[in-house]
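Positions are given from 1, in the same order as the sequence printed here. It should be emphasised that the depicted structure is a prediction, and the values quoted were computed from it without experimental measurement. Scope of the values below: all heavy atoms of this structure, side chains included, with no hydrogens, waters or symmetry mates.
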Amino acid sequence: MSSAAPGAAPVSVRPGDPRYENLLRGNNFRFVGHPDEVRVVASAEQVVAAVADAVGTGRRIAARSGGHCFENFTADPGVRLLLDLSPMDEVGYDPGRRAFVVEPGATLGRVYRTLQTGWGVTIPAGGCPEVGAGGHIAGGGYGPLSRRYGSVVDHLYAVEVVVVDRRGHARAVVATRDAGDPNRDLWWAHTGGGGGNFGVVTRYWLRSPGATGADPAGLLPKAPKQMLECLVEWAWDESMTEAAFTRLLGNFGAWHERNSAPDSPYAGLYGILLPTHKSSQGFPMAVQIDAGLSRADAMVTEFVDAVNAGTGLTPVLNARRTMPWMHMVTWPSTGEPGDQFNRRYKIKAAYLRKGYDAAQLAAIYRNLTNDTGTGNCGMLLIGYGGQVRSVPAGATAIAQRDVIMKAVFQNIWVDEEDDAKSLAWVRDLYRDVYAATGGAPVPNDANDGSYINYPDADLADPAWNTSGVPWSTLYYKDNYPRLQQIKARWDPRNVFHHALSIEPPA
C-alpha cells in the first residue's frame with residue numbers, strides 16, 4: 001500500500017552521485033552523516049530487503065521519515081545505510097481492520113488533509129504539518145486537540161514493523177492492541193517508546209478505542225469545522241519588569257493547574273506561551289480552540305485575562321480570528337524550529353506537573369534578559385493534560401500522564417561558527433531552571449521527566465545531568481524495564497540503536 005508506482009524499485013544513492021548531498025541532512029543542519037548508501041524505499045517489502053542487506057553486510061542502519069529528529073540519531077557517523085521512507089506516504093482507510101492506515105513518510109499535513117477530506121475525521125497529533133508520521137506517532141505525538149482527545153497513540157490500533165530476529169532474519173510483523181494478540185507488546189512499545197528502537201515502522205493503523213461499526217466517519221474524532229485562534233503579544237519594554245514577567249508565567253502555570261482535569265470544561269482550549277529573549281522586543285501567546293464548542297470565545301477571553309491578571313501589562317496585540325480547521329493545520333512552518341535559513345538548533349524539554357516555582361521563574365527571567373542571548377533564544381510553555389490524564393501510565397509507553405504542561409527550551413541559529421555559544425546559552429538556561437534537581441527535570445511532585453520526541457542527548461551526559469537519575473528514567477520512568485524486555489524479544493541483536501535508544505536488559 002504505497003503511493004509510489006506499482007513495482008517501483010528502490011533508489012540507491014551513494015557518494016559521488018549528484019543526489020547524495022541533498023539526501024544527507026534532516027531538518028537540523030547541525031548534523032550530517034556520511035553513509036555508504038542512502039536507500040529510498042517505497043514499500044514494506046523494500047524495507048525488509050534493505051534491513052536484511054544491512055544485517056547481512058554488517059552495516060548499521062537507521063530509518064528516516066520526515067527528518068525532524070532533534071539529535072543526530074540518523075546522521076550518526078556510525079550509520080552506514082540510511083533508509084529514506086519519504087515515498088511511503090499513503091493515507092487511507094483499511095476496511096479489513098476498520099482503521100485508517102498511515103505510512104511513515106506521510107507528513108502530518110497530508111494526514112490531516114486526507115482524513116478531513118475523505119471522512120471528516122482527524123487525530124490529535126502535532127501542529128507542524130511538515131513533520132513525518134513515522135517518528136511522531138511512535139514517540140507519543142501531541143498537538144492542538146490533545147487536551148480534548150488525548151495523545152495520538154491513544155488512537156493507535158495497530159502497527160507494522162520490520163524487525164530482525166536472533167538469527168538475523170528480517171521480516172514484517174503486524175501488532176495490534178487486541179488483548180489476545182501475541183504481538184501486542186510490540187504495539188505497546190510504539191505507543192510512546194520512540195522511533196529507532198525496535199525496528200522500522202512501515203504502517204500505522206488508527207482507530208479510537210471503543211469506536212464501533214463499519215462507517216469510517218465514526219472511527220476517529222470528528223475534525224473541527226473551524227478553529228478560533230487568539231494571538232496575544234507583550235513587549236519587552238520598561239513595563240516588563242521581573243515581577244510582571246514572573247507573574248505572567250506563573251499565571252499561565254496556575255491556570256493549567258486549575259483547568260487540566262480530563263473533565264475540565266476548558267479541556268478543548270490549547271495555549272502556548274513563547275517567552276523569548278529580550279532582544280526579540282516582544283513575545284507572544286497563541287490560543288486555539290474548536291470554534292464550535294460552547295462558550296469558545298468566552299473561554300479564550302477568560303484564559304487570556306487569567307494569564308495577564310495582576311501583571312500591570314497591556315498587551316501590544318490581542319487579536320483573534322476564526323479559520324477552517326484545514327487552514328490552521330496545513331499552513332507550512334507553524335511551530336517549526338526554524339525557517340529555510342535558521343536550520344541549526346538545540347531543543348531541550350520537560351514535563352510539568354505544576355507551574356514553575358519562584359526560583360525557577362527568576363532563573364528564566366535572568367537568562368532571557370542576559371547579554372548573551374539573541375532573538376532566537378527562548379522557551380515554549382505548552383498546555384497539556386486534559387484527556388491525556390484519563391489514561392493510566394502503564395496503558396501505553398507514555399509514562400507521563402499526570403501532567404499539565406510541556407516546556408521547551410530552544411536556541412536557533414544560522415552559522416556553524418555560532419554552535420558553541422548557541423549551545424551554551426540553552427544549556428545554561430536549562431541547568432539554571434533545574435538547578436535544584438541536578439540540571440534535569442527529575443520526576444517529583446512538580447517535574448515529570450522529559451519527552452522522547454524532543455530528544456536531548458545531554459540528559460545522558462553526567463556533565464549536564466548531575467542528578468544521578470538516568471536518562472531512561474527521565475524519558476520512560478517505570479515503563480522502562482518493560483520496554484527493555486520488548487527490546488530483547490523483538491531486537492535481540494540490537495540492530496536498531498542510537499544515542500538514546502532502549503538498552504537491552506542486563
**Residue from Y157, Y204, W119 passing ring-ring contact (aromatic ring centres under 6.0 Å, His included) with F100** = W119
**Request:** Look at R482 together with D185 and state whether they make a salt bridge at an N to O cut-off of under 4.0 Å.
**Result:** no
**Message:** Looking only at the side chains, is there a donor atom on one of R147 and S260 sitting less than 3.5 Å from an acceptor on the other?
**Reply:** yes
**Request:** Before accepting this row, confirm whether a basic side-chain N of the pair E130/R110 lies closer than 4.0 Å to the acidic partner's carboxylate O.
**Result:** no
**Request:** Go through the side-chain N and O atoms of T57 and R80 and say whether any donor and acceptor fall under 3.5 Å apart.
**Result:** no
**Prompt:** Which of these passes salt bridge (charged side-chain N to carboxylate O under 4.0 Å, His left out) with D154: R207, R177, R401?
**Reply:** R401
**Sidechain N-carboxylate O distance under 4.0 Å for R344, D419** = yes
**Request:** Would you mind checking if D84 and R39 are paired as a salt bridge, meaning a charged N to carboxylate O distance below 4.0 Å?
**Result:** no
**Asked** So, are R203 and D94 salt-bridged, with charged N and O less than 4.0 Å apart?
**Response** no
**Ion pair check, R14 and D36, cut-off under 4.0 Å** = no
**Prompt:** Are E416 and R30 within salt-bridge range, i.e. N to O under 4.0 Å?
**Reply:** no
**Prompt:** Are the side chains of L500 and Y475 in touch, meaning some heavy atoms are under 4.5 Å apart?
**Reply:** yes
